[in-house]
Number of protein chains: 2
Amino acid sequence: MTYERTDAGRGTLISNNSYACWLQYKKIANVAYEKKVKLFLETVVAAESSTVMETALEELQAAVSKMTGVHLEKSAEPPANHGIVLSTAAHFHQEEIIGRHVLAGLGADGYVIRSLATDRKKLLYLVGKTDKGVLYAVFHLLRLLQTEQPLEQVNIVENPRNPLRMINQWDNLDGTIERGYAGKSIFFENNKITANITRIKDYARLLSSVGINAISINNVNVFEAATKLITKQLLPDVAAVADIFRAYGITLFLSINYASPIQLGTLPTADPLDERVQQWWKEKASEIYRYIPDFGGFLVKADSEHRPGPFTYGRDHAEGANVLAEALKPYGGVVIWRCFVYNCLQDWRDRSTDRAKAAYDNFKPLDGEFLDNVILQVKNGPMDFQVREPVSPLLGAMKQTNQVLEFQIAQEYTGQQIDLCYLVPQWKEVLDFDTYAKGEGTTVKSIVSGSVYGFSHSGIAAVSNIGNDVNWTGNTLAQANLYGYGRLIWNPELAAEEIAEEWIVSTFGNEPLVTAMIREMLMESWSIYENYTAPLGIGWMVNPGHHYGPNVDGYEYAVWGTYHFADCHGIGVDRTTGSGTGYVSQYFSPNKEMYESLENCPEELLLFFHHVPYTHTLKSGETVIQHIYNTHFKGAAQVAWLIDKWRELEGKIDQERYENVLDRLQRQLKNAVEWRDIINTYFYRKSGIADEQNRTIY
Amino acid sequence: MTYERTDAGRGTLISNNSYACWLQYKKIANVAYEKKVKLFLETVVAAESSTVMETALEELQAAVSKMTGVHLEKSAEPPANHGIVLSTAAHFHQEEIIGRHVLAGLGADGYVIRSLATDRKKLLYLVGKTDKGVLYAVFHLLRLLQTEQPLEQVNIVENPRNPLRMINQWDNLDGTIERGYAGKSIFFENNKITANITRIKDYARLLSSVGINAISINNVNVFEAATKLITKQLLPDVAAVADIFRAYGITLFLSINYASPIQLGTLPTADPLDERVQQWWKEKASEIYRYIPDFGGFLVKADSEHRPGPFTYGRDHAEGANVLAEALKPYGGVVIWRCFVYNCLQDWRDRSTDRAKAAYDNFKPLDGEFLDNVILQVKNGPMDFQVREPVSPLLGAMKQTNQVLEFQIAQEYTGQQIDLCYLVPQWKEVLDFDTYAKGEGTTVKSIVSGSVYGFSHSGIAAVSNIGNDVNWTGNTLAQANLYGYGRLIWNPELAAEEIAEEWIVSTFGNEPLVTAMIREMLMESWSIYENYTAPLGIGWMVNPGHHYGPNVDGYEYAVWGTYHFADCHGIGVDRTTGSGTGYVSQYFSPNKEMYESLENCPEELLLFFHHVPYTHTLKSGETVIQHIYNTHFKGAAQVAWLIDKWRELEGKIDQERYENVLDRLQRQLKNAVEWRDIINTYFYRKSGIADEQNRTIY
């Protein structure tokens, strides 16, 4: 966990706070606390041996050494009075410490941590269902130490809520990252795997420490060079990466090109019903598993934004996915098939087509057609990771089809890791949303955990926000989103504040003032970003292509199905059944009635569902136009407030991270002022309605 | 003049109509005409020898052979009864044929063509002031043959109106072309000069045939690789290109990087008042002239759009240009200094800055400060080659400073050689514009010809529209702009129709129906393009960056100083002195009063000079908003009409060129429909005023 940027951008081994993220493991400053915990830190015993168990031991020893100076001796014998026991449930037989029923209740990646503290004895037991559970337990214990929790009464049972807890890298083989805001890829350069294995290992540590158990390492848009990842030209190097992740309990996936049988093979077709194609994929799977015996499977973007897919051959998504699933099945692999399918050559004049409806329309009719080792990956909203969207109606709508929810940690539409935007509150809203798919209480989190419909595979995936910047995420505070993502999908009941606080203390140390200040900044940040950008759920008012900064008409006359329909009278997209596109009918009752009704529609989504005049009065008493002005003046002012807040931290945290964030906040202010002035000017010019408070609009 | 596209994009020598442009030299089909002209085509004598004279002979022989099958024998003796005499004035002593006063009246590149036709004799005399004049006379004679003019009574005296008749290539060393719409560079690839010398020679022929006498071969934006063109690494290859052009009477220039002393030398500065810098440029000039003894000089874009320049050192443009001029002076070289200087980081909120004023404000105060071998190159309009702009007020405003006018043949803002836009009518409007700089009749053409102020150097330059596409210009009909540019600047009195007709006959043969049809298409094309794009001189409603297709707000909130200020009430930029930016005051009276007055301002420029309500009534009786709707519906319909017209030519011209143009017209229609619908929808939504004719607006 040590790194220095060199001219070549490669890592060398010196310590760096930015790089260490939340795994700082600083020497414990609280002498009384250190003294108490040291009593537990004499020896450690691992009941059995495995790669992951070795990792668990190493992590524990290295962190303890850094935090306390103690060299935690590895012992062959269980500690008599002081020490730590690592074990899988199968090898743990001290029923008086942890009862059999407790261990029997552990899920796949679950674990128990229990302490036995008497005057004579200070013992800690970390027992996982498997060795991965043990590793998670170690990271949990280290988190307790970092946050200075007492160890005397520890009695923790943890089971991750979601079976699949995945990260999607959108890294290209040339080293660029699609929607990357923190440098180049740590995985690829010059169409090869990078030589910087240390960096990949450190990434595995970060992910594993928050419970991530799967990763796809290449962009879902698979172009020529990346197509070759599943050939013997690159598989040996991919296998080396898989080895690194395996040691941290993380399974490796690859994104594949649906036209591979043509581009890599000699076939004239990639038709999934063609026997030669079926055979080709079977042989390919067999080849991949020779290199990577626990290969996770394929992540597939097909018939989406010009990527090839089964439509070319008149086949549907189920037929398209099943050919891959058949090939992977003998080895336990799965196909993760993305539902981000829509008409990306829409005519803006065509009011009958509504992109929001596309995923549901494309996939819902196929429920039951997919093989059991296919999972559909559904973005949280029906559009594309906007700052505010309703929950995708496809979530929960397919009762016989495995589903995975897709988030985006990369801040494509939420400030690009220049602007501060802590996303955990947004994700929590999605997870807590009640779909009513199976009556009240059918929340998104209960669907994707697999519990509602008994999915054989399910969970959550998210697009990564990291690159080879020293601090991984561009803006240091954006580390909180990677951390928060892992923690939240492990346990969606955690509060956003709680996660923020854990992250701050682990990252900046245990200083109450620093913690309070940064927590407040994080917790306000999504709302601030929403204030100065897209009002009332309208979205898409960004510069086309790169998606940073305001451009109200940037997507208005485009092929992407992304319109606001603002005219001199009003704004918004009528998606009601009564007079609009009928999108609301994709929801279960009573959600569909709620969105259909202008009165009951949540106001933060008003313009997503309704076209209203600028003079429409909101519950606050403001008109829509005045709300636009007010939120935009407020949002920019709030960014200035963020800067003031942050300045108070100078000297209280290290200068490097202080300046990194200050620089980003100053750029954010410039961006917020631009948003404020362009949005306000655009709507003032269009509506002709003056600001009630007579503030400057151009 | 023969070419075939191969896989590598290189030329091989087979015949191709598209490639030959207006130098087709097809076998004369008119038997009677051919019989008559053959009487003149027995022998040819050249009174003296030079590289250019050799070129003239070669061109004549090759073309005559193709057109008539006659091998025109080169003779050492003057022809007794049948033949052609090529001579410079100094060597021509047959006063009974051409009087001494006639020859004495010839300007630098002038020539006389006279025939002597009796029953016994058929003689043609082509006498140039210099050998270049002879070459121009040969191309003139060949044009007469291609257009089947009788030779018996020829008595032509031609002097080009403009001394400098230049082409600017915007070619980059990596082979791309800035604002290139016809393939890659014919000059550069992989940071070297291309190996395809044949293609460069054929380009020299095309240019020389219409009287071009100067060329700069690299982009005015000089980046790293191109900076090295003036080093011994690349000068030998540049010299080889200069050799090719020299044989066709064309002088070679290079665009240079103002920071060369730093980037190529070891100096820490490029300050023009620093003696080391002055010495560096002197040595550099001396080095260049060792390779290219008749090197034309430097074309310089400095302190413009982020290119380095004298401002860095607190020096003005005159000081910046003069250091280069001093270095070139001993060798007869000149500095062409571009006036495209403005604040390209403008704040859109700032209404006091007006980009249109920038060139005048920057350069006018420096009148008289520039050395005699500096020429200021001024774009035709104050903005940047929009479809409609007023004439730059800087033209004629500097009485003691050499000026060159800059046009853009490349259709950056006028359809990118997809859409048809014959630009000669636009250029003629500029040339005929009366600046009143020295009283009535001080037209732009009289200023840039040098006659008004007695400039030591003056003329016209234009950005080329060619690339390595087989047909040079993407759209075959765009060849007319390259041809027309050369012909018009040779003689600005030529009518646009006349030039069009010459070009059509030379290019497609002498078919009256074809000629009439294409002439009509060309002559309507600018107006059609204006109809469906930017109304009433407003400009800039294009997609940022590439500049193709509509985007009304694309440049509205940008840093480029390019705004329309449309709101729900009206549109336009107030540039009056009374209430606006005061730009109109840069014009001489009575132009300034004309533009100042809402009533007298030419309506095609109404929105360039005035902000008016949508309900403002035009002289036609239409309101501005109705004019916008009407012209846009009309413009798109006119493109459909162009297609109908062109379809009538199927079978009447070769299929290759027929299909090339048809394809472009079909793409133009798509573009025109998009312009029509987006512009109309934008203004309908903004104004709320319905189309009187109730046509479809979205």
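Below, chain A is the first sequence line, B the second, and so on; all start at residue 1. The structure presented is a predicted model; accordingly, all values stated were derived computationally and were not measured.
B:Y684 OH: 12 or fewer foreign heavy atoms inside a 6.0 Å radius. Within a 6.0 Å sphere centred on CD of A:Q693, other residues, nucleotides and ligands contribute more than 12 heavy atoms.
When every heavy atom of A:R685 is checked against every heavy atom of B:A566, the shortest pair comes out as CD-O, 3.4 Å. Smallest separation of non-hydrogen atoms from A:C568 and B:S687: SG-C, 4.0 Å.
Listed by sequence position, the residues of residues 624-636 of chain B in contact with chain A number zero, using a 4.5 angstrom heavy-atom cutoff. Heavy-atom proximity under 4.5 angstrom to chain A picks out B:D553, B:E556, B:Y557 from residues 552-561 of chain B. Contacts between residues 672-683 of chain A and chain B, defined by a heavy-atom separation under 4.5 Å, are made by A:V673, A:E674, A:D677, A:I678, A:T681, A:Y682.
Considering A:W348, A:F565, A:Y563 as possible partners of B:Y698, the one that fulfils the ring pair (Phe, Tyr, Trp, His ring centres under 6.0 Å) test is A:W348.
Judged as a salt bridge (charged side-chain N to carboxylate O under 4.0 Å, His left out), and not counting sequence neighbours, the contacts of B:D347 are B:R349.
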